[in-house]
Structures are given as structure tokens and as C-alpha cells.
Engineer: 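Sharing a structure, written as C-alpha cells. Questions coming.
This is a predicted model, so every value here is computed, not measured.
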Amino acid sequence: MCLAIPARITALHDGAMATVNAGGVTRDVSVALLEAVAVGDYVLLHVGYALHLISEEEARETLRMMAQTGLLQDELAEMAGTSGGQGA
Amino acid sequence: MCLAIPARITALHDGAMATVNAGGVTRDVSVALLEAVAVGDYVLLHVGYALHLISEEEARETLRMMAQTGLLQDELAEMAGTSGGQGA
Amino acid sequence: MKYVSEFRDPVLARNLARQIAAEADPARQYAFMEFCGGHTHAIFRYGVHDLMPKNLRFVHGPGCPVCVLPVRRLDDAIEVAEKHGAILCAYGDMMRVPGTGRRSLLSARAAGADIRMVYSPLDALALARENPQAQVVFLGIGFETTAPATAMAILQAQAEGLANFSVLCNHVLTPPAIRHVLEAPGIDPEQAVRLDGFLGPSHVSTVIGAHAYAPLVARYGKPVVIAGFEPLDVMQAVLMLIRQVNDGRAQVENQYTRVVTDTGNQKAQGVMAQVFTLRPAFEWRGLGSVPDSAFAIAPEYAAFDAEQRFPISDKASRETKSCECPAILRGVKEPKDCKLFGRACTPETPMGACMVSSEGACAAWYTYRRAEAMGTPAPALEPAQ
Amino acid sequence: MKYVSEFRDPVLARNLARQIAAEADPARQYAFMEFCGGHTHAIFRYGVHDLMPKNLRFVHGPGCPVCVLPVRRLDDAIEVAEKHGAILCAYGDMMRVPGTGRRSLLSARAAGADIRMVYSPLDALALARENPQAQVVFLGIGFETTAPATAMAILQAQAEGLANFSVLCNHVLTPPAIRHVLEAPGIDPEQAVRLDGFLGPSHVSTVIGAHAYAPLVARYGKPVVIAGFEPLDVMQAVLMLIRQVNDGRAQVENQYTRVVTDTGNQKAQGVMAQVFTLRPAFEWRGLGSVPDSAFAIAPEYAAFDAEQRFPISDKASRETKSCECPAILRGVKEPKDCKLFGRACTPETPMGACMVSSEGACAAWYTYRRAEAMGTPAPALEPAQ
Amino acid sequence: MTAQDLIRPGAVIEMAHGGGGRATARLIRQIFARHFANPLLDQGHDAAVLPRPVGRIVMTTDAHVVSPLTFPGGDIGSLSVHGTLNDVACGGAWPIALSAAFIIEEGFPLADLDRIAASMGAAARSAGVPIATGDTKVVERGHGDGVYITTTGIGVVPDGVEISPQRIRSGQAVLLSGTVGDHGIAILSRRQGLEFGTGIQSDSAALHRMVADMVAAVPGIAVLRDPTRGGLSATLNELAEASGHTITLNEAAIPIRPEVAGACEMLGLDPLHIANEGKMICICAEEDAEPLLTIMRAHPQGGDAARIGTVGDAAAPGTPGLLRMTTLIGGMRIVDWLAGEQLPRIC
Amino acid sequence: MTAQDLIRPGAVIEMAHGGGGRATARLIRQIFARHFANPLLDQGHDAAVLPRPVGRIVMTTDAHVVSPLTFPGGDIGSLSVHGTLNDVACGGAWPIALSAAFIIEEGFPLADLDRIAASMGAAARSAGVPIATGDTKVVERGHGDGVYITTTGIGVVPDGVEISPQRIRSGQAVLLSGTVGDHGIAILSRRQGLEFGTGIQSDSAALHRMVADMVAAVPGIAVLRDPTRGGLSATLNELAEASGHTITLNEAAIPIRPEVAGACEMLGLDPLHIANEGKMICICAEEDAEPLLTIMRAHPQGGDAARIGTVGDAAAPGTPGLLRMTTLIGGMRIVDWLAGEQLPRIC
Ligand code: SF4
Ligand code: SF4
Ligand SMILES: [Mg+2]
Ligand SMILES: [Mg+2]
Ligand SMILES: [Mg+2]
Ligand SMILES: [Mg+2]
Ligand SMILES: [Mg+2]
Ligand SMILES: [Mg+2]
Ligand SMILES: [Mg+2]
Ligand SMILES: [Mg+2]
Ligand SMILES: [Mg+2]
Ligand SMILES: [Mg+2]
């Protein structure tokens, strides 16, 4: 029940409405649940409302950690001269 | 606006309604505009109401006159030894 | 079909045709007006013309209620359905008649109005019962034949307490219209139609009786023969008219004795008297304003009067320009005299009511004899026998 | 699509799978409940199972509002549309859910009820504006993610004076449900599910914040890792749970930091507090009556409360007999344990809500892995790399 | 799952039945495939493959939107088979396959659909023509009227047969295979708000066997045409216009059942405007008229066959041919197209 | 009377246009005959006579009930031509004629009908396939949805071509001619209450020329099928069931436009369930895959053609074949039929 997607604000309108672009699809949504929002911001969209801002920095950090996790393991394995974790 | 057809009463119902048969087609109609009506009577039917009784005797008389008119003429012509009226 | 087929018999038709030909005086011109559209229809549908002598002419009268209804009244009906959201019930005859801007009940329905074709006012009552939340308006049109059924429906609605039923009343009366045709008020006497007699209404007369025409005959000295709607009825009545003319008589005669009596249906007359009141005057298409020629709903039944129930607006209703219906309905022009006939105006694209109603003179000419009317060579006529 | 595609990357998935395999202790069994249906869906749709070690099991929790809505509340919605003639607006998710007698909103619509699928409560407001003569009822369902939008719609209706708009409120709350699963009141401890931790809700948490789970973790000693709904999010959160379990820790951790903060969306929380009031208890399908677990509309907004506006009847609502949804929603049974699964009960002929919602455990097993669930040989799995 | 599972009491068409998923597949399998079963349809493709035909191909299509769906003497299922087979036969062809496309309204009872499909399957089997391929769509409530069926037929024309209005010539005879107006009046008698009692049955029937015998005996037949919507008058007016010849009917010779005549009187309709669904007009050389009438009368669908008119002179260049009629009383009139739709009237 | 007279401003379809009288004849002449003009239709019969075909005949039909009637990239007119031509092509056949039956709702603007007919005529001309015969019915307001068009197509299959799911074998390649979901998403983007902005155009297009080249190069193609309603998943599930083989897709290989993916994310839809109207699935021997992809890519409709999967083992006797997919992250799942109709969802 919580399907929500990231979308970029492309225009702000009266009545706390905004136009967003989600993967090439545009739609008018309400931003009335957000304290402040600016064109260019990414928001999480749910049932026609923007629910939260998305933090680019945190996203990058999460991806970095995912990438590192695996790489670290590979590197450790290589260093130890054995094969990596067994794939399921 | 005065399309009306002859129909025979086949049954009488409550509320001054009757079933009629018009050339093999049956329908329920109102006989509320007639003073008295009986099964077997022929009536003139218009917009769902019986409007008048049909007199079998008068109809026969009318047809008799039509038939006679022409015949009479033919006979007269024959008697006179000349041809009848010129057909249009 | 009993009382129908017998009156379409080809042998009797031949007999009557011979007799008419024999009795018609070749030195005279006979012009008879069939007041009723029903007669017009029968004459054309059965080709009665072809069985008549050349010196006899049928003049098609204003006895088609569809044809004489002014555009304004049709516009009102459309307004009631479109603006006031009522379910408007009308006879099939009315559905295609063009109003202002060529809008008809059918085109209003196509555009979303709730318009139903009914076969009887009883059907409209049933709709009112089934749709208690809606206003159901019955478009009452017709002569004395049809008016009693409308009156009965109002009485029935009152008895049942059907508060959502009303009638848009356009019922018109025959004798005042005949009088009007004969008086031709305001018409140049040169232009007025010359008439030698009338085929009197069939079914109107079952209600009002043969005696109803006596004052007209007495006053204007033109014979009236009440005639049935079958082709043999028409032919026999023509013969009776010829005889009156030849004899110099002017009487009310009754060919249609199987249904028409001298006094008519007095119960139906009573119901009309109860529910309706005479309008001081009513606009007829073609005839103009005719005094005492139409019914309104009586004040006692105002609750069932759509004209009272709905605020019907004043509007600029317009007849189609250059439609000659008015002159045709007075009998002074024929459809072929209309520039639009058979060209811009056809039964599919009618410009006037006379081209819609199957009883209208224009529709009859177009549907059954347009080759002649439009001057293309008439198809060669096989011998009638 | 930014913030989506990156989190479905096959290389990162392989990295995470290796790391999980490396860190999972072969001597242990790991049972993690994904509370949210959104996680259930992601796990099945992307085949996350296939990248997990054999000793790790996902337990599918009650976090699908469609699945936990009691049949009675759906029957009420159908009644509002059918008996009270309202335009009922519902999310697409609800349209196929079977109520008593297997009637759904779709079948009620097929039978003539005016039921509209909407994408947002804003669409329901628009319908109310466009149909001033009709009652428009919005079927509000969902967790804290969805409830703020409903609250905003009520405030908007009030601001506009939309007198024909109301909400049938079925919004439910996450932390009380998690507490209930852990306490398993009235459940034989032998039968209660053994859990080693929770994948915490993604989008609920954007509203209520990570701190909301702290009391639960403190009280029951089970780790909670808030996780995004993309497959890599799930995998990373699993890794974080494994580490907590291996370390003997029980903490609230947040994998989904790009959207979830400690305190959530306080404006949304404020709107909910304004428009809603806590129900003392609410019936959850599977869980039974759960205290303080749902919103009703606050008395100040009673004018917009469909439960107040319509006299909703007491009726004998019935769950489908032998549907195991209740046990499945508590995590103590799996779809394959249901006799109806994949036979009488399929997504086309669902017997329970868990087979309708794409987040339901039964639908997920049927749609994405029924070969295994039904005991037919699993298709040979190509290597994941 | 058996058909009984699908067609349980009260079950209706839902949008899902048209969604293209498993519900659609099941609907097709349990209703249409079951009732229409034949080797072509059983191929189960989107397109049916037919054997190589011997002769020219005739193709025709008709959308059937009749209301009510069931009427005395038939239903939309059998009608949709007959209507299209007759158009194939009008090409002088022997029908070899039908296709059937259904547009079904949400909420339509599955039991009714099953009954209609059964009737359609029976009509096709009894005609000996397979329903080779089909399609099913579901539309929302308020966007249909129960079910609409579009059938398309293909057939093979024997060499030497050249049916065409261009072959109409002065002096040819106009034949009609039976009574006029039965179908239209049977339908009207069940129209809401117009119900009247009558024993009239629709004449809905497949005429290709009768036509095959006619064509075999007289390959030179000029025109075959089934006078459906718009009745005899529309069909003959079309032929008069297309051929540029006047056609003259004899009213007294046109077969009509008394009840049909009665209903037309009551409703103010012209029987020549009323639809037929099991009648064939044939225009042929004078000398072929009697032999063809004999063949027609030997078929159950041609028992009342009659010669109803004659092709007259070619119209003046630039003017269309006229349809006219010697009336019962011996007058002459034009028989016009129906103007607008057929509306019962009171005047 | 010219078309301009009929299609005057504000003019709408009335019941009379379907009555079978002169109004019907005029509608057909001024709209359909004008836009579809071709020698077969111009015969003006109820049934069109086609030349004797060389080969087996393929026949297929489809009712088109799309709403809205006009959408980015097409309208119901062009769609009804493409949809049926593609089904003919799916039989490995070259289309030779179409029929078109219209069910039009009272009140439908004549100008819109004219536009749709023009688009349909243009699509047929550009495909080189005549609309040989047709039919027009009018239904009352509230019994339709503007216009429904049922097209039936016939075509001729070259000897040696035997398209059939029964010819599916382990190890064959599954090819797709382009991106998935374009048509369905273009339609959804204009659905009332769901409007969203996108540059997505329907892929509606006729594929028979591409298919003709494919069949000419590889007459042994096992299966051709256009994944329309129900999407890739319905079509491949049908084939898996009919053939009794497991088919395994590779999610990463399935072409999809970013906007289509975005719209599916927003609406909670699976792109494999979304309709396509200009795509072709081809199942062929492994060694034919690359040559066929090259041919497909040479056509404008096949520019994004890709190999998307492989036919696996035959399923155990009595069990139907399964459709499954290696997911983006390397997991495996079943790809199921769409359950019920496609409903946008929020969870
Ligand atoms: S032909 Fe038409 S326009 Fe002319 S008078 Fe008759 S109805 Fe009027
Ligand atoms: S398979 Fe169906 S009946 Fe069984 S538990 Fe799941 S939803 Fe209920
Ligand atoms: Mg046809
Ligand atoms: Mg036909
Ligand atoms: Mg199809
Ligand atoms: Mg309907
Ligand atoms: Mg025909
Ligand atoms: Mg098809
Ligand atoms: Mg198709
Ligand atoms: Mg046709
Ligand atoms: Mg509609
Ligand atoms: Mg196809």
C-alpha cells in the first residue's frame, strides 16, 4: 500500500501544487505535506502527494557502501589467495 | 395524426382495460372512453384508447353501395349497349 | 384485416373510378380539400390520383397537427427536456420535426436530452410511475381524435397522485381551422384558394360527430363529406362530393358511417370539456393566429400543466426561411412551388414540418410522386386495370 | 530512473549476496520478518530469495493494508455504494478484494454500483466537485504513508465547503501491529513465530521516522533495520540484520537514509493528529482486535465521516472458510500450508485478500514462485552470476 | 475448472474477462471454444489457416446490435451467423468460414452469453460453416447493450457466376423468396414500451443452400440480395440507383403475413421498410423466373417465393433509377427509401 | 450533397444514420467510401469479390474498443487496421483484404468519425491492403463509447510456412521486435482521471512487410505472435502452455523505453502486462536468431529488436509449460499472466 516513487520537481504552482517528472513522466502533485520545496528537488511521491525530500548525498553514500562491501570482500579474498564468498 | 385501426375486443379487464386483437396482433388498451363495450365488439383504436365502436351493419352497407355503384354503371352501360365510364 | 382490407379492394376501386369518371362533368373543374393529413396520405400511398379524372384536383389542407405546430412550441418541448432535465415523451411523428436551427427532438436526444418515443399517453404515465425522482412531460399534440386520450391521462395521473407528470398541451380543433381556411382573413381574395367542397375528417369526426360541421356548411355553402381513411372511402366520398356539386347542393354527408355518428363520442367530449379550456387564440403554422382553435389545460388541472410547471423562456424561434409550408397548408401553393422541395428539403433533411410528417403534403409528394412534382418525366403508368 | 535503477544493479547485487553468504553463520537459522508488503513484493519480484543463503528465511508480515482489512469493512464500502447510491472511490488495489460471498468492488460495479478507481484522494475531491448532486465517498485505507493524503483531502474539502464528500476511514498504524505480532496475545507460545529481527517499513518510516521503533526494540529485544523497497535495499538491510544478530545486538538501524530521518515528516504527523483520532481498538484480519491501531475521523471533522453520514447496517460478514490468511499474516503459516492455495484460490479467483494484493504473501508465492510452493519441481535455476 | 464453475448462478461479465489475462483465456475456452468447436478454431491461433480455396473469394462483414438479444424465432447468436452467411450467398458464393468478434458489456450474465454462444454454434454447425477465429472485448457498463457480435464471412464463388447490379437489364424479373417484414415485426413486438402480442417469428435463416441450387441451375443470375435493414425498399432502391433502371413492383404480389400487415397498420409502418433476415431478392432473365421460383419453393426458406416485379426502362442519363409500385387499387406510386429511422407513428 | 454538407459544424450521428435508409447510404458514401476508396469496396455490394488467391487463406478478426479514441501515436482507425494486419502476419501470411464494421454511438460527432475514417483509410493505403467491405450500425446513446471498429483480415500463406506453437522446441530463441509497453502506456496517459504527461507514443504499426521478409528468409519460423492485450506475458504464457515448454526470459535484455518504465513505476504496473500494437514475438531455431534480428532491425518497426529469451525443457507430461525470467539482480521468478484487468495501484 506504500508504493512511492522518486520524482523531480520541475515547477511550483499555486495551492501547494507542483509539476514533477518521474522517469520521463510528468504529473501535477500536491506538495502541501512538505515544509519547503524547490524546483530541482527530488521528492518521494505517493497517491498524488509528495511525502518527503530525497537526499542525494545519503543515496550516494548508500550506494558507495553497497559497492564497497562487495569489493572489500573480493579484495580480501584476493589478498588471501582464495575465492570469494559463494554465490547463492 | 389520426392513425386509428379496427380491433376486436377479446377480453375485458379491471380499470377499464381490454385486450384487443388487430389483424392477429394483440395489445392491452383502455376502453375508458367508451360507454359500454363487450367481448367480440370491434372498436377503433387510437394511441392506446378505444375511440368508438364499429358498426358491422354500416360497414356492410357501405361496401354494398360501392359494389352496386360500379355494377349499376356497368349494367346501365350494357343495357344502353355502350361501353362504361372511361377508366382514368 | 377486417374493416381494412375490404376498403382496398381493386375491383371496387375500379367500379368507383368508372362511376366518378362517368359523373364528373367534363366542363367543370373540381377542387376538393382533404382537410386531414390522413386523407392526404391515403391518396398518395394508394395512387388515388391515378384513378381520378383530370379535371379533379385534391387540395391538401392543414389537418396534420405535426405540420401546423409552430416551431416555437417544438422549441419549448426541447427546452423542457434540455434545460429542465425532464423526460420528454412524444409520439414518433414528432421526433424528426425540425425546430429553430433545424434541431429536432431526435437531435436533442442524440445530444444527450432524455427524450422517449411513446405510443400512448399511458406509456408516459408508466414512465412517471417508474421514475418518481424525474419530471415526466408528455408532449400532447393532435386534433380532437387524440385530445381525449391526453385528457384521460391527466385524470389518471390525478387519481394516482402522480406529482411528476405533466402535459405540454398543443391540442388543436378542426372546425375553427376549416372556418379559417374558408374565411382566409387578410388574404387577397384573388390569392385565396377556390374550393368546391371538403373531404371531412375521419377520426376527428368519430369524436365530435357529423353535426359539428353543420354550422360551417350553412354559413359558407360548401359541401362536406365525412370520409374514412381507406382509399375506397376517399373515392366514394369524392363521388358524393361530385354529386353535391353537380346538384348545386351543400350538405354535411357521411360516407364513414361505420364509425362516425351524428353526435360522436359524448363521453370523450365530456372528458375534454372537463380537463381542457379553450385558448382565446392559438398560432397555427400557415394559418396564423386562429381564434378558439386550441385547448389549454383547465385551471383545475394546472398541476399537470407543463406550461405552468416549467419556466419556459421567451426565445427567438425561427421558421426556416423560404419554406412555403404556410402557403401550402392554406392550400394556395403546392410543394413543387417551393424552391427547396426535393433539393435542400427532403425527408432526410427536412426544412419544414410538411416534409417530415408522413401526412405532410411535401413529404407525400416527395415520397410518392416526386418524379412528377420535380418535373422529371413521370414514369409511364401501366393501365390501372 | 534516478534513485530506482541504481538500486537494482546486478553487480552490486552480486557483491551484497557474497557478503551476506560470507557473514551468515552456517550454524544458525535466520528468520526475518519483512513487516511491509512492499518488501514482500520486492523479494519475490526480483527473486531475492535466490541470492540468500539456505539458512535465511523471510517471514511475510501483516504490512499490507489490503490484506489486513476485515471483510466487514469492505462489505460496508459496497453497501455505501449499492444501498446509499454514493459514488465510491477506491484505490485500484482494493477493486478485486473479495468480501462476503466473494463480492468485490469490481463485481458490485459490474452489477451497477457507481464505483470509481482513483489514483489519489485529490481525484475523489474532483469527482465531488463535478457531481454536486451525488455523495462521493473515498475509501481511505493504508498505513501512515497513505493516511496524511486522506487527512489533507478532508482539510481541503472543508476549506472548499464540499458538503458531498466523505471518507470511509480504515487507516491503520504500524508500530501497534508490530507490537501485536511480537506479543502474540492468546497464541500458544509453541505456535508463535520465532523471529530474529525485522525489516522495518520504508515509506511508513518516511512519515513516522526511525525513532518510532525505538520503544519496540527496547521492549522486545529484536533488531529493526528500516529498509528501502528496492532489491538492493532489502539485501543491504538483511546484511545489517545478520550483523546485529551475529553481534547479539538489538537496535533500530536505518538502511534507507536517503528518505527516512529519525523524526520523519512532522508536518504530515501534525495533519494526521489534527484530522484523526485513535480508535481504542480495531479489528485486523489475522491479528484480531489490536488496541490503538487505527485512525477514526476526529469529531471536529465528523461532517466528512462516511461512518456518520450513512446508516451502515449490521451485517453478517463472512471470511472465506478455510482461508489461512489470518495465520499467514501472523507469520505462523505459509501459503503452501493452505489447502486452497493455487487450486480454488488463485489471483483470478481469490478466496482471501492475501491472494489479491500484489503485496499479499499468497499472491506473491503464486505469481512468482508457485512451482516451488505447489511442490512441482522448481525450474532449474541458472547461476545468478 | 469446468464451464459450470465459470457460469455459476448470478455470474456476470467483469472487465477482467476482457483484460487479456487468464480470465479472458478461460472465458474463450469455456464458452466460445466449447460451443464453436471445429478444427479451424481449435488451431487456437490469433489467425486461422484455411485450406487453399478453389475459386474467387467473397468477403463480407456485419455488426449485429439487435435489441432485444433474444426474440421470437432467434437470438443475436443465430442471427449473426445467418446475416453474414446470407451476404456471402448474395455474392453467389458458398461460405467456407466465419469469424466472430464479441463486444460484451460489463455485468452481462454469463449464462446469457453461454446461451447465445450455444445458439451461434448450433447455427454455424447446421449451416455447415465453421467459426474459424474470433475475438472478445469487454466494455464498461453503460458502454454497450449486453453483447454486440460482428461476424465476417468468406466464401468461394464458382467460375462463371457474376452477381452484380451492373447486370440488371430491362425486362428482367424480380423474385422474392417469401413474406416481408417478419424479422422486424418480431423484434418490434418485444421492444420495451411497445410490447404487443403476435405469433410472428423472425424469419432469420441461412439461405446459402437455396442460393447454391439457384446459382447451379442459373449461373447467369444478375443479382441476389437479402433485404435486411431498411427492408425491401432500401435494397431495391439501391439496386435501382446502382443499375440506373426503374423497377416496378406489384403490391398485390408481395407476400406478407396477415399479422405483419396488422402490426404495420397499428404502428403506422410500411412493411416494405421492415427488415428481413431470411429472405432473398433475385433479379434474373424473364425466362429464368419460373425455374428459379420452382427451386426456391423446394427449400424450406423459399416456400412463399413469388415474382414481385419487373425491371423497367433505363432511367434518363444522369437520373437515378426509380423504384415504384402498382398499388392494390391499381394506382402507381414511388416506393421511397425509409427516411431516417423507422419510428412507430400515430398519424 | 457533398461531404461538407453532411459533416457540418456540430453535426452528430443520429439513429437514422443506422436505419438502413438514405441517411445510412449517404453516411457510407460520404465518409467511408470516400476515405477507403479502392476497387474492391467500389463494387458496392454487400460482399466483395476478390481475385482467386494463390495459397492457403488466413483469417483473423479483432474488435477494437479503445478509449480514448485518439491517443498519442494513433487512433482507433489506424489501430484497427494495424491490429488485424498484424494478426494476419502472425499466420505468416501476406494480407490481401480487410473488412471493417462500425458500431457508432448516437451523438458521436461526424467530424470525429470522418477523421477516424480518414486515418483508417490512410493506414490501409499505406499498408497496401484494401478495405474490401464494411458495415455500419448506430446504437443509442449510452449503449456505446463513440465508435467501436471490428476489422477482419484475410491473407495468403506461402507454401512451406507453418506457423504454430506446436513447433516450439527446446533451445529455440525468443526474439522481440522492439520496446515493450509503448501502446498501453500511451493510452493510459490519456485515460480520464489518470492523465499524466509523457512523450510516449503508441507503437501502433503494421508489421506485415517486416514479417514477409522474415518468412522469406526463414520459412521455418516456429511462431510469430503480436503481444497485444495482456502484453508479453499473456502471449508468451499462452505459447508456453500451448507448446508445453518452459520459456525463460532475460529481464535485462527486454527493450523498454525509460518513460514507459517510469510510468509503470508510478502506476505500480508490470511492463510485461502492458499492451503493444506494433511488436512481434518470433520463436525460431537458435541459428536463425541472428539473421532474423538483422532483418527485423532493417525495418523501421524492428529497430530495437532483441533476443529476449530461450525455450527451455518440455514440461513434465500433464503440466503446462511455464514462463519465467532471470531478474535484473540475477534471481529467477515466474512471469505470470495478468490477473484480472490491469489496475493502477498504489501498493
Ligand atoms: S419542401 Fe420543405 S421547405 Fe419547401 S414548403 Fe415543403 S417543407 Fe417547406
Ligand atoms: S491461498 Fe487463498 S485461501 Fe489460502 S490463505 Fe491465501 S488467500 Fe487465503
Ligand atoms: Mg455485410
Ligand atoms: Mg447481412
Ligand atoms: Mg483478438
Ligand atoms: Mg446499457
Ligand atoms: Mg445484405
Ligand atoms: Mg485476431
Ligand atoms: Mg490483433
Ligand atoms: Mg451490412
Ligand atoms: Mg458512453
Ligand atoms: Mg494477436
Engineer: Of the non-hydrogen atoms in C:Asn15 and B:Ala67, which two are nearest, and what is the gap between them?
Structural biologist: ND2-O, 3.7 Å
Engineer: Among B:Ile5, B:Val43, B:Leu51, B:Leu53, single out the residue with the greatest number of heavy-atom pairs under 4.5 Å to chain C.
Structural biologist: B:Leu51
Engineer: So which part of B:Ala7 gets closer than 4.5 Å to some heavy atom of chain C, the side chain, the backbone, both or neither?
Structural biologist: neither
Engineer: Taking every non-hydrogen pair under 4.5 Å, which of C:Thr257, C:Leu122, C:Val207, C:Leu12 racks up the most with chain B?
Structural biologist: C:Thr257
Engineer: Counting only non-hydrogen atoms closer than 4.5 Å, does C:Asp233 touch chain B with its backbone (N, CA, C, O), its side chain (CB onward), both, or neither?
Structural biologist: both
Engineer: By a 4.5 Å heavy-atom criterion (distance strictly below it), what part of C:Glu6 contacts chain B: side chain, backbone, both, or neither?
Structural biologist: both
Engineer: First locate atom OG1 of C:Thr150, then atom OH of B:Tyr49, and finally report the distance between them rounded to the nearest 0.5 Å.
Structural biologist: 8.5 Å
Engineer: Is a side-chain donor or acceptor of C:Asn265 paired with a backbone partner of B:Leu34 at a separation under 3.5 angstrom?
Structural biologist: no
Engineer: What's the verdict on side chain to side chain contact (heavy atoms under 4.5 Å, CB included) for B:Ser55 and C:Val259, showing C-alpha distance, side-chain angles and the deciding distance?
Structural biologist: CA-CA 6 Å; B:Ser55 160; C:Val259 200; over 6 Å; no
Engineer: Looking at OH of C:Tyr119 and CZ of B:Arg27, how far apart are the two atoms once the value is rounded to the nearest 0.5 Å?
Structural biologist: 5.5 Å
Engineer: What closest approach, in Å, do C:Phe7 and B:Ala59 show between heavy atoms, and which atom pair accounts for it?
Structural biologist: CZ-O, 4.2 Å
Engineer: What are the two closest heavy atoms between B:Pro6 and C:Met1, and how far apart are they?
Structural biologist: O-CE, 3.7 Å
Engineer: CD/C:Glu359 to CG/B:Leu3 distance, rounded to the nearest 0.5 angstrom?
Structural biologist: 8.0 Å
Engineer: With a 4.5 angstrom heavy-atom cut-off, which part of C:Leu239 approaches chain B: side chain, backbone, both or neither?
Structural biologist: side chain
Engineer: Distance from B:Glu35 atom CD to C:Lys267 atom NZ, nearest 0.5 Å?
Structural biologist: 5.5 Å
Engineer: Nearest 0.5 Å, what's the CE-CE distance between C:Met235 and B:Met66?
Structural biologist: 9.0 Å
Engineer: Sort C:Phe229 into side chain, backbone, both or neither according to what part of it lies under 4.5 angstrom from a heavy atom of chain B.
Structural biologist: side chain
Engineer: Would you say C:Ser120's side chain and B:Val47's backbone share a donor-acceptor pair under 3.5 angstrom?
Structural biologist: yes
Engineer: By a 4.5 Å heavy-atom criterion (distance strictly below it), what part of C:Val271 contacts chain B: side chain, backbone, both, or neither?
Structural biologist: side chain
Engineer: Could you state the interatomic distance from CE (C:Met272) to CG (B:Leu33), rounded to the nearest 0.5 Å?
Structural biologist: 9.0 Å
Engineer: For B:Glu56, is it the side chain, the backbone, both or neither that has a heavy atom under 4.5 Å from a heavy atom of chain C?
Structural biologist: both
Engineer: Between C:Ala149, C:Ala151, C:Ala268, which residue shows the highest count of heavy-atom pairs closer than 4.5 Å to chain B?
Structural biologist: C:Ala149
Engineer: Would you say the side chain of B:His46 lies within less than 4.5 Å of the side chain of C:Thr206, judging by non-hydrogen atoms?
Structural biologist: no
Engineer: Can you see which heavy atom on C:Arg258 is nearest to which on B:Glu58, and at what distance?
Structural biologist: CA-CB, 3.6 Å
Engineer: What part of C:Gln266 is in contact with chain B, defined as an atom under 4.5 angstrom from a non-hydrogen atom: side chain, backbone, both or neither?
Structural biologist: neither
